[in-house]
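Owing to the predicted nature of the structure, the values given are computational and were not obtained by experimental measurement. Basis for what follows: all heavy atoms, side chains included, without hydrogens, waters or symmetry-related copies.
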Amino acid sequence: MNKGLFFRKQRFLMISLGLIFGSAFLNAQTNFNWANVSSELTRKLDKSADKDYFEVLVLLKDQVDLDNLKTTELRSATSQKEIIPVLISSLQRKSEATQPALIDWMKTQAGVDIASINGFWITNAIFVRAKKSFLAALSQHPSIQWIESNQDAVIESTTRSNVAMPLIPKGREEGLTAIRAPFMWRLGYTGYGRKALIIDSGQDYLHPALRTQFGYNYGAQSQTYYATILGDLCEEHGTHVAGTVVGIDRVNRDTIGSAFNAQWIGAPSVSKKAGGDACDYKGGTYSTLSSFQWALNPDRNTKTTDDVPDVINNSWGRSSETASVSDCFTSERSAIAALDAAGVVVVFSNGNNGPASNTVSFPAGLTVGPV
């Protein structure tokens, strides 16, 4: 055989094999397991370029079985002081045992912002910023259950009125009468001895209806306000919400909140509504999970529970254009389940955009609204 012809055939064969294997590798990198990807993220990926980065939450398959935990290790627990240390220990052990291997693998892959990787323990989840090619490989990883976007939270826009609201000495808001709050007060349910965490756009802690109930009067800032700057405000919505929960002007005895004798603590972790002024918060699911995790152990001491809120109020939601009812197993729902196991009630507002149909936004599960 002619040597030149032989080498040309051999070269052609090598190129052909290279194209075949290269194509197979490319397909492996871009072939998603869509069953593990939220519909909202799927829509984003479909419209994106290969160079685009996405902020996502990755839920691992291996989660703490909370129902089993309640019937085993927590079976004899009778108080939060006994429940919370066991619960946190179980959650942290799970994340410590399962996340390092996945994180180490992430760090070896192309298209990953390594500095963005952050693990959570309140639910076994990892936050990461990465490109589509990596997310395709991640969706096929045997240790993961779900990948979802770091979705921005949507809050109601508020407008400051030029007309000052009059004080009502010894009075109360009309809404309190409508929900029969005075009847509960007469039974002794005024919020005394309880603590509410307000996850929202920040609160004006010097507001006359809020300042005396702020937990910072009785504890360190790190345990009462989950932000670097005390009173950090995105806009006024969070102050309004805190007033609805615990507000009272004690000088004039003007009652605004249904649990006016409770303390409040804050977590300014919600992005302002799209189209408004920019806020200096990361926002989205990442911040919500961070706030939930902080709430379960604000002072980082599992032997104390008086720092843990009794209830967490969330007057925000997700855009109905991006959220989907099919995205039922989310990181937030998993974290809420852990808080529920700890005896912390997580409440979402309902009806802010009503009364028309399809106006209840995600992820409202346990909701409070008009009947």
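- Between Val37 and Leu135, every side-chain heavy-atom pair lies at or beyond the 4.5 Å cut-off.
- When side chains are defined from C-beta on, Leu102 counts as touching Ile126, because their heavy atoms get closer than 4.5 Å.
- Counting only heavy atoms from C-beta outward, the side chains of Pro298 and Val308 approach each other to under 4.5 Å.
- The closest side-chain donor-acceptor pair between Ser315 and Asn313 falls under 3.5 angstrom.
- Looking only at distances, a side-chain donor or acceptor of Asp307 sits under 3.5 Å from a matching main-chain atom of Asp299.
- One distance of note links CZ of Phe292 with OG1 of Thr288; it measures 6.0 Å at 0.5 Å rounding.
- A cation-pi arrangement is absent between Arg211 and Phe214 under the rule of less than 6.0 angstrom and at most 45 degrees off the ring axis.
- For Ser139 (side chain) and Ala136 (main-chain N/O), a donor-acceptor pair under 3.5 Å exists by modelled atom type.
- Evaluated for a side-chain hydrogen bond (donor to acceptor under 3.5 Å, both in side chains) with Thr123, the options Arg333, Lys94, Gln63, Glu332 yield exactly one hit, Gln63.
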* Let me see the working for Glu40 and Ser149 under side-chain hydrogen bond (donor to acceptor under 3.5 Å, both in side chains), right down to the final yes or no. => CA-CA 7 Å; Glu40 189 271 341; Ser149 290; 2.6 Å; yes

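- The heavy-atom pair separating Lys70 from Ala341 by the smallest distance is CE-CB, 3.8 Å.
- For Trp264 and Tyr205, the ring centers sit 6.0 Å or farther from each other.
- Residues Leu138 and Met106 have side chains in contact (heavy-atom distance under 4.5 Å, counting atoms from C-beta outward).
- In this model, a donor atom of one side chain and an acceptor atom of the other lie less than 3.5 Å apart for Asn261 and Thr190.
- Taking the side-chain contact (heavy atoms from CB on, under 4.5 Å) definition, one finds that Asp204 meets it with Leu206, His207, Leu233, Thr239, sequence neighbours left out.
- Taken to the nearest 0.5 Å, the OG1 atom of Thr285 stands 5.0 Å off from the CG atom of Asn150.
- In this structure, the side chain of Gln221 engages the main chain of Ala227 through a donor-acceptor pair within 3.5 Å.
- Comment: Lys132 does not engage Asp52 in a salt bridge, judged by the lack of any side-chain N to carboxylate O separation of less than 4.0 angstrom.
- Put simply, the side chain of Ile312 does not reach to within 4.5 Å of the side chain of Val345, judged on heavy atoms.
- When side chains are defined from C-beta on, Leu57 does not count as touching Ile147, because their heavy atoms never get closer than 4.5 Å.
- Side-chain contact annotation: Glu173 with Thr255, donor-acceptor N/O pair under 3.5 Å absent.
- Within the 4.5 Å cutoff, side-chain heavy atoms of Glu55 are placed close to those of Phe127.
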* Asked: Does the pair Glu148 and Ser331 meet the rule for a side-chain hydrogen bond (donor to acceptor under 3.5 Å, both in side chains), with working shown?
  -> CA-CA 8 Å; Glu148 62 187 15; Ser331 54; 2.5 Å; yes

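- The ring of Phe120 has its center closer than 6.0 angstrom to the ring center of Tyr286.
- Other residues, nucleotides and ligands place more than 12 heavy atoms under 6.0 Å from the OH atom of Tyr218.
- Contact annotation: the side chain of Leu197 approaches that of Trp294 to within less than 4.5 Å [non-hydrogen atoms, C-beta and beyond].
- Between Asp310 and Lys195 there is no salt bridge, since no side-chain nitrogen of the basic residue lies less than 4.0 Å from a carboxylate oxygen of the acidic one.
- For the residue pair Thr98 / Asn124, a side-chain donor-acceptor distance below 3.5 Å is found, with atom types taken as modelled.
- Lys81 NZ: 12 or fewer foreign heavy atoms inside a 6.0 Å radius.
- The side-chain contact (heavy atoms from CB on, under 4.5 Å) check on Thr108 picks up Trp105, with sequence neighbours excluded.
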